[in-house]
Amino acid sequence: MPIQQQHIQALSALEFKARQVVEGFLAGLHKSPFHGFSVEFAEHRAYNSGESTRHIDWKLYARTDKLFVKRYEEETNLRCELVLDASSSMYFPEKSDVQEFSKVEFAVHAAAAFIQLLRKQRDAAGLTVFRDKVLVSERARSNAAHLRHLMAQLDGLLAADAVARDQRTGLVEALHDIAQRAHRRSLVVILSDMLDDQDREAEVFDALQHLRFNKHDIILFHVVDRKRELELDLPDQPYTFVDVESGEQVKAHPSEIREGYRTAMAERWQRLKLKCGQYRIDLVEADINAGFQPLLLEFLTKRAKLY
């Protein structure tokens, strides 16, 4: 399944609209605080013989027969480490006529959209893909060939058949891997359903704290199918629920367990929120049925705060 370009194009349009709204409001009041948010044209100056021709404005040359160089507002560069969970639980739900994305497909498209935005801003992007171990570990770079390579890695995840069961979540190892190889301050963007073993929850936050100790900023996008996974909104009939990572099975009727299940999931969310707040990590629900806008807005807001 190739990456659907219309999704990425739509996200880029969203970025443009968001910037228009914010910068339009500030226009005329004072100098924009978002310099470095992207590379913005500032003015022309005369070209000096011997310097690089990279920024010559050739259209202006065609009109005036004189060489001018484009100058830009100050550029600041972000280093972003994208961390994508491809464990068995991320392949839920199975595709159907009414279900556009599984969780992993949604996460892949979101990561592709982030790379598009980073490319536009000339930021560096790295990619880590993990299951029970790290599968892909690419350092952050900003050149076009590298970003195309990352997109190819994501394409490979979509092209693969549904992952076999028993591929557990190894978030702890992936986070420690990034903490050890990312020596410069980075924005770490995690896309995961956080369905690691409950016994390892403390280890997950130790790994997140490892990143924070190294001065990295973190956004944790909690990828979920809200309707099915959080609200247990299923037809009232008996089910055999299967943990695709452990193989454990439980037979139950949704109407009999729904209230208690929702309470337990709400308590888990509050526990995650409390821990993330303690470590100054941005925790964002990424419902696969709610589209990409909430993710992009959070990403761009965080980007603007950092640089």
Side-chain angles (χ1 to χ4, degrees), residues 3 5 7-23 32-42 52 54-55 70-84 107-129 136-155 174-175 177-192 211-212 214-221 280-282 284 286 292-307:
I3 290 175
Q5 290 296 320
H7 293 304
I8 298 172
Q9 291 166 0
L11 296 173
S12 297
L14 174 65
E15 179 209 7
F16 177 78
K17 290 178 182 178
R19 289 182 55 196
Q20 288 293 306
V21 170
V22 173
E23 295 178 5
S32 170
F34 292 105
H35 292 160
F37 185 75
S38 63
V39 181
E40 300 286 357
F41 170 74
S52 172
R54 181 179 178 185
H55 297 297
K70 288 182 176 179
R71 299 186 67 185
Y72 299 88
E73 295 285 0
E74 181 182 1
E75 178 183 1
T76 55
N77 294 108
L78 171 75
R79 299 176 68 82
C80 179
E81 297 283 353
L82 299 168
V83 184
L84 198 151
V108 165
H109 278 84
F114 292 147
I115 290 173
Q116 290 290 329
L117 295 180
L118 293 164
R119 174 187 291 172
K120 286 178 179 293
Q121 295 161 200
R122 301 189 181 186
D123 292 332
L127 177 65
T128 299
V129 179
V136 176
S137 178
E138 300 284 353
R139 291 180 180 274
R141 296 185 176 90
S142 59
N143 64 74
H146 174 69
L147 297 181
R148 282 196 301 272
H149 176 65
L150 298 189
M151 295 294 281
Q153 295 278 9
L154 293 174
D155 252 333
L175 295 180
D177 177 70
I178 293 173
Q180 291 171 0
R181 60 184 168 81
H183 301 295
R184 293 175 55 185
R185 184 189 180 196
S186 303
L187 172 62
V188 180
V189 177
I190 303 168
L191 294 150
S192 171
L211 287 169
R212 290 292 295 135
N214 290 351
K215 309 298 182 186
H216 300 301
D217 294 281
I218 304 171
I219 305 177
L220 172 54
F221 289 110
R280 291 182 294 169
I281 295 169
D282 293 340
V284 182
F292 298 101
Q293 290 190 11
L295 283 73
L296 281 186
L297 287 174
E298 184 68 28
F299 179 83
L300 293 176
T301 301
K302 187 73 174 180
R303 173 68 174 83
K305 287 179 179 176
L306 292 176
Y307 297 91

- Query: Any donor and acceptor pair, going by atom type alone, linking the side chain of His146 with main-chain N or O of Ala125 inside 3.5 Å?
  - Reply: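 Such a contact is found between His146 side chain and Ala125 backbone.
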- Can you check whether Ala145's main-chain N or O pairs, donor with acceptor, with Asn143's side chain at less than 3.5 Å?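 Side chain of Asn143 to backbone of Ala145, a donor-acceptor pair under 3.5 Å: yes, one is there.
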Given side chains that start at C-beta, do those of [X] and [Y] come closer than 4.5 Å, heavy atoms only?
X	Y	answer
Asn214	Arg185	no
Asp123	Phe114	no
Leu127	Leu154	yes

Heavy-atom closest contact ([X] atom, [Y] atom, distance):
X	Y	value
His216	Ala182	NE2-O, 3.2 Å
Phe292	Ala110	CE2-N, 3.7 Å
Ser186	Glu81	CB-CG, 4.2 Å
Cys80	Ala140	O-CB, 4.2 Å
Leu295	Ala286	CD1-CB, 3.8 Å
Ala174	Thr128	CB-CG2, 4.2 Å

- Could you check Leu211, Leu78, Val189, Leu187 and say which one makes a side-chain contact (heavy atoms from CB on, under 4.5 Å) with Asp217?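 Only match with Asp217 under side-chain contact (heavy atoms from CB on, under 4.5 Å): Leu187.
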- Item | side-chain contact (heavy atoms from CB on, under 4.5 Å) partner of Lys302, the single match among Ile219, Ile218, Val284 |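 Among Ile219, Ile218, Val284, the one that satisfies the side-chain contact (heavy atoms from CB on, under 4.5 Å) with Lys302 is Ile219.
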Nearest-0.5 Å distance that lies between atom [atom1] in [X] and atom [atom2] in [Y]:
X	Y	atom1	atom2	result
Leu118	Phe299	CG	CZ	4.0 Å
Asp282	Thr301	CG	OG1	9.5 Å
Phe221	Leu82	CZ	CG	10.0 Å

- Partner set under side-chain contact (heavy atoms from CB on, under 4.5 Å) for Ala144, not counting sequence neighbours: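 Arg148.
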- Any residue meeting side-chain hydrogen bond (donor to acceptor under 3.5 Å, both in side chains) with Glu138, in chain and number order, not counting sequence neighbours: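 Once residues adjacent in sequence are excluded, the partners of Glu138 under the side-chain hydrogen bond (donor to acceptor under 3.5 Å, both in side chains) criterion are His149, Gln153.
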- Query: Which residues pass the side-chain hydrogen bond (donor to acceptor under 3.5 Å, both in side chains) test with Asp177, sequence neighbours left out?
  - Reply: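 Ser137, Arg181.
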- Message: Around atom CZ of Arg139, are there more than 12 heavy atoms from other residues, nucleotides or ligands closer than 6.0 Å?
- Response: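 Count not over threshold, so no.
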